[in-house]
Number of protein chains: 2
Amino acid sequence: MAQKKEYLSKNQKIVLDIIEKSAQPMKAYSILFNVQKKGLKAPPQVYRALDKLVEIGKIHKIESRNAFIACRNSACTITNATAFSICESCEYVKEISSSKLSKYLSNFQDKEGMKYNKYNLEFFGICKKCK
Amino acid sequence: MAQKKEYLSKNQKIVLDIIEKSAQPMKAYSILFNVQKKGLKAPPQVYRALDKLVEIGKIHKIESRNAFIACRNSACTITNATAFSICESCEYVKEISSSKLSKYLSNFQDKEGMKYNKYNLEFFGICKKCK
DNA sequence: ATTACATTGTTATAATATAACAATAACAGA
DNA sequence: TCTGTTATTGTTATATTATAACAATGTAAT
Ligand SMILES: [Zn+2]
Ligand SMILES: [Zn+2]
Ligand SMILES: [Zn+2]
Ligand SMILES: [Zn+2]
């Protein structure tokens, strides 16, 4: 995990850094605002970095929120099997790392017997704090 | 299913109609273009209808694609447990109706024992045609 | 008729994301 | 070193997706 970071470009490091420092998902334009002091002034600079970081699995996109969160699931070397829980009240997001769940979904076949190489699952509910 | 439609408003019916006629997911602005001849001229008119239709489960949003598809899963009276397969080559989308899968996910508990009242799952792969 | 409430129409704008191209850096082979 | 090649960065403009705000109209109960 740490090694991979060595190969990141300058902008990729800057963007990853800010996301990793955030406990919760960040939106692209909030990232942009936060990295402007570091010289990244325009959306494409941020989006390019985000694309790459998603591709190599250092971060994940929370699709229903258009936001990006650092991967902290050590089992998540793969970028193609992601699961999250999202609190609909406070928007708290947590990556779910359940080998049972990922096994189940990775092996899932539809009615035609088709298997999939990738999935993204988002659970919604009310977190403990909000209850 | 048919009854519910009776209670839809004019704009909701128009928008649902165009989505149901489409075999595949439609984007909001494509819907807008298609309903302009029916008098819906501005985005809010379409987005309001979409919001309502999603809420009552007549359509679903494909989050990773920002697109909307009619629900054709008769078991999907619930709007809170959705699963789709998406072809990454041709973008073909199909709603998955597997009672086994939905049972598994509805009963899923995370490490803290928390259960969720809602989920959305998107599988990605290459469909038969594209292979 | 009056109130209340839902729906619609309308304009403007916010938020998210990409196209296109120029400039610079990194680097391998001649 | 020079040179071609590729990746990365910088920059401007624009496309795409979505909502705020408020006025107008419709619907139905009292
Ligand atoms: Zn992860
Ligand atoms: Zn919460
Ligand atoms: Zn459905
Ligand atoms: Zn396909």
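Per chain, numbering begins at 1; letters A, B, ... match sequence-line order. Because the structure is a prediction, the values reported are computed rather than measured. Heavy atoms only: backbone and side chains are in, while hydrogens, waters and symmetry mates are out.
- Distances shorter than 4.0 Å separate none of the side-chain N or O atoms of A/Lys27 from OP1 or OP2 on C/dA15.
- Of the candidates C/dA17, D/dA18, D/dT12, the closest approach to any side-chain atom of A/Ala42 belongs to D/dT12.
- Between B/Phe123 and A/Tyr119, the ring planes lie perpendicular to each other; the angle is over 60°, past the 30° to 60° tilted range.
- Taking atom CD of residue B/Glu63 and atom P of nucleotide D/dT17, one finds them 13 Å apart after rounding to whole Å.
- Look at CE on B/Met26: it is 16 Å from C1' on D/dT16, rounded to the nearest Å.
- One can place CZ of A/Phe68 at 16 Å from P of C/dA15, the figure rounded to the nearest angstrom.
- Using a 4.0 Å heavy-atom distance criterion, A/Lys52 is classed as making no nucleic acid contact.
- As rounded to whole Å, 10 Å separates atom P of C/dT8 from atom CG of B/Leu8.
- Checked for salt-bridge contact, B/Asp17 and B/Lys21 meet the test: a charged N lies under 4.0 Å from a carboxylate O.
- For B/Lys129, the NZ atom is loosely surrounded, since the number of other residues' heavy atoms within 6.0 Å does not exceed 12.
- Of all nucleotides listed (C/dT16, C/dT18, C/dT10), C/dT10 comes nearest to the side chain of B/Arg48.
- Closest to the B/Ser9 side chain, of the nucleotides C/dT7, D/dT11, D/dT9, is C/dT7.
- Comparing C/dT11, D/dG10, D/dT12 by their nearest atom to the side chain of A/Pro44 picks out D/dT12.
- For B/Gln45, taking side-chain heavy atoms from C-beta onward, the closest of the listed nucleotides C/dT11, C/dT8, C/dT16 is C/dT8.
- The nearest whole Å value for the distance from the NZ atom in A/Lys13 to the P atom in D/dT8 is 12 Å.
- Note on A/Lys118 versus B/Glu88: salt bridge recorded, some NZ/NE/NH1/NH2 to OD/OE distance being below 4.0 Å.
- Residue A/Asn66 has no polar side-chain atom (N or O) positioned under 4.0 Å from OP1 or OP2 of D/dA18.
- Using a 4.0 Å cut-off between a side-chain N of Lys or Arg and a carboxylate O of Asp or Glu, B/Arg72 and B/Glu95 do not qualify as a salt bridge.
- OP1 or OP2 of D/dT11 has at least one side-chain nitrogen or oxygen of A/Lys41 nearer than 4.0 Å.
- Between the OH atom of B/Tyr29 and the P atom of C/dA14 there is a distance of 14 Å, rounded to whole Å.
- Considering only side-chain N and O atoms, A/Lys10 lies under 4.0 angstrom from the phosphate OP1 or OP2 of D/dG10.
- In this structure, A/Tyr47 does not reach the C/dT18 phosphate: none of its side-chain N or O atoms is under 4.0 Å from OP1 or OP2.
- Note: CD (A/Gln12) to P (D/dT9) measures 6 Å, nearest angstrom.
- Nucleotide D/dT12 holds its P atom 14 Å from the CG atom of A/Leu32, rounded to whole Å.
- Between B/Lys38 and C/dT8 there is no side-chain N or O to OP1 or OP2 distance below 4.0 Å.
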